[in-house]
Peer 1: 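Here you go, one structure.
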There are 2 protein chains.
Amino acid sequence: MQPYRDMTHMIDAPAIRDAARRIAPHIRRTPLLHLPAAALGTPCDLTLKLELLQASGSFKTRGAFNRMLAGPLPAAGVVAASGGNHGAAVAYAARALGARAEIYVPEITGPAKLARIRAYGAHLVQGGATYDDARRASEARAAETGAMMVHAYDQPEVLIGQGTLALELEEDAPELTHVLVATGGGGLIGGMAAWYAGRADVVSVEPAACPTLHDALRAGAPTPAAVGGVAADSLGARQVGIAMFPIAQAFIHHAVLVPDEAILEARRRLWDACRLVVEPGGATALAALLCGAFTPPEGARVGIVLCGANTDPGSVG
Amino acid sequence: MQPYRDMTHMIDAPAIRDAARRIAPHIRRTPLLHLPAAALGTPCDLTLKLELLQASGSFKTRGAFNRMLAGPLPAAGVVAASGGNHGAAVAYAARALGARAEIYVPEITGPAKLARIRAYGAHLVQGGATYDDARRASEARAAETGAMMVHAYDQPEVLIGQGTLALELEEDAPELTHVLVATGGGGLIGGMAAWYAGRADVVSVEPAACPTLHDALRAGAPTPAAVGGVAADSLGARQVGIAMFPIAQAFIHHAVLVPDEAILEARRRLWDACRLVVEPGGATALAALLCGAFTPPEGARVGIVLCGANTDPGSVG
């Protein structure tokens, strides 16, 4: 996509503030739910950021709008590749902005996500085993048509857009010392870590079956990782973005892994105790507290981002 | 239950403020979601009060705690009758306070609500066609054992507890001119109307199949009404409470009816556009805007209470 260069200086608080103003007419300021430790059986009280209530059903809407509002849209419209949530967000944003959208998804993308993308009026192309296959197909298509490529995580405008979630969270819960975020390609956590810049400890949580950031931080560079498990359709990037990696090196000190069973248990508890339907990727950050992959220090004030709900609601039980 | 006397002077803002302090350690301050008109296809922008995220899955937890904290609990514990939500709330509160709970529910109470009541450790007795049958059985049982009767809607402490929802809503959204609330026995809307005391227009919304308040206001007194339709397990009281009725006469100027189809459409849109799973009774207030049963005047700032989610999450599609 991009030559390997450090774009960290572009992805910062002033850029995120500008983006928040730009996308405000199009996105929802999602609310917080404060819970005592007993509610979900966690080691401490929690503040949940209910980003699953975002337009299109995930945080991806923020980055999609910020990218598409950054410049004039070509007549060929936009092209994106996605496990599903980014595709739904780009389709949603394209409809709102009157643009054509073509969305490439892999075979693992489930029916709930496919239905969303179609319902927003995008042209859907499904093929290839993983997100990475869909990404290659989408890049070829964008080169052919001249459409704007809206990357799922590895463009500065996308990271900056996702960072607006952290701006809201810090405004509404300035007391937080730790914020747990699920990582796939790293667009959300990269944007959020750039916003916090160390003021809160941004903790990366990944399924053990998709350890992209965990492996990259060990290797010292983005590196291909396994893609599998229950959250692969939202966290199944092959490797983290090059734009987010220097941010992660600077600001992300904990990159933990959780087993699929903990993710499914987190989904069950969110329904059982809070009547929230969350997709596996959206429940992954909470899983780290349930299984002990991350133990907050004494006195920590912990925020959890519930980042998506594009799932079959009957699947949470 | 009570002799017919006007208890309006007991159900007022100071009492609601006291209750809010009393129950604060036990309940959640539920958040708001602000939506543009286009999100759900309503005639105006909306503020949703996400009371479906309350502990035990509905607003009933507020009144249950306020009643049970009002005096010493007898050794025999508490007894309640319920379509399901109040029973779950009383069971939840009894567990939290270390008390025994016996819950009487009618045959129409669905499996999601039964499972909740059992999960909170209460003794469950199911029988009779409607809530009213369960109520009679519960009163006989309370007289026999000396347990505290926690009425689903017709006790001052219960109304006062439910009124705390309005206190929160006015603090968090003081701009609202109209607040739409579903009515069953009238405990929630009675407590809320007592709080607002005319500062916002509190609009009652009922299924056409359960028109208790609509009929009572026409008749000039609580009067038995039909019990049926998709929301009968949460809004299926036989008649509104005598405690709430004078409050309704003073402050509720609109009591509208909606068809079951509008309630089901409201549920679908809440999932489709917001990823919120709401039970039929919890979606009833929104239905009034979708079907035109209530049309807000020009410039209105409208709040909608989504009051419960004790339902099968797979049933929203």
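So you know, we letter chains A, B, ... as the sequences are listed, proteins then strands, and number each from 1. This structure is a prediction, so every number in the text was calculated from the model and none was measured.
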Peer 1: Minimum heavy-atom separation for Cys274(A) to Arg28(B), with atom names?
Peer 2: CA-NH1, 3.8 Å
Peer 1: For Glu298(B), does the CD atom have more than 12 heavy-atom neighbours from other residues, nucleotides or ligands under 6.0 Å away?
Peer 2: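 No.
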Peer 1: Output the residues of residues 112-122 of chain B for which the shortest heavy-atom distance to chain A is under 4.5 Å, in residue-number order; output 'none' if no such residue exists.
Peer 2: Arg116(B), Tyr120(B)
Peer 1: If you compare all heavy atoms of Trp271(A) against all heavy atoms of Val277(B), which two are closest, and at what distance to 0.1 Å?
Peer 2: CH2-CG1, 3.6 Å
Peer 1: For the side chain to side chain contact (heavy atoms under 4.5 Å, CB included) test, which of Asn310(A), Leu306(A), Val278(A), Leu276(A) pairs with Arg275(B)?
Peer 2: Asn310(A)
Peer 1: Please round to the nearest 0.5 Å and tell me the distance separating atom CG of Leu33(A) and atom OG1 of Thr30(B).
Peer 2: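 Here the rounded value is 8.5 Å.
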Peer 1: Can you tell if the side chain of Leu32(A) reaches within under 4.5 Å of the side chain of Pro31(B), non-hydrogen atoms only?
Peer 2: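 Not in contact.
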Peer 1: Taking everything shown except Arg301(B) itself, do over 12 heavy atoms lie less than 6.0 Å from its CZ?
Peer 2: no
Peer 1: Heavy-atom pairs under 4.5 Å with chain B - which of Leu50(A), Asp312(A), Leu35(A) has more of them than the others?
Peer 2: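 Max contact count across the listed options: Leu35(A).
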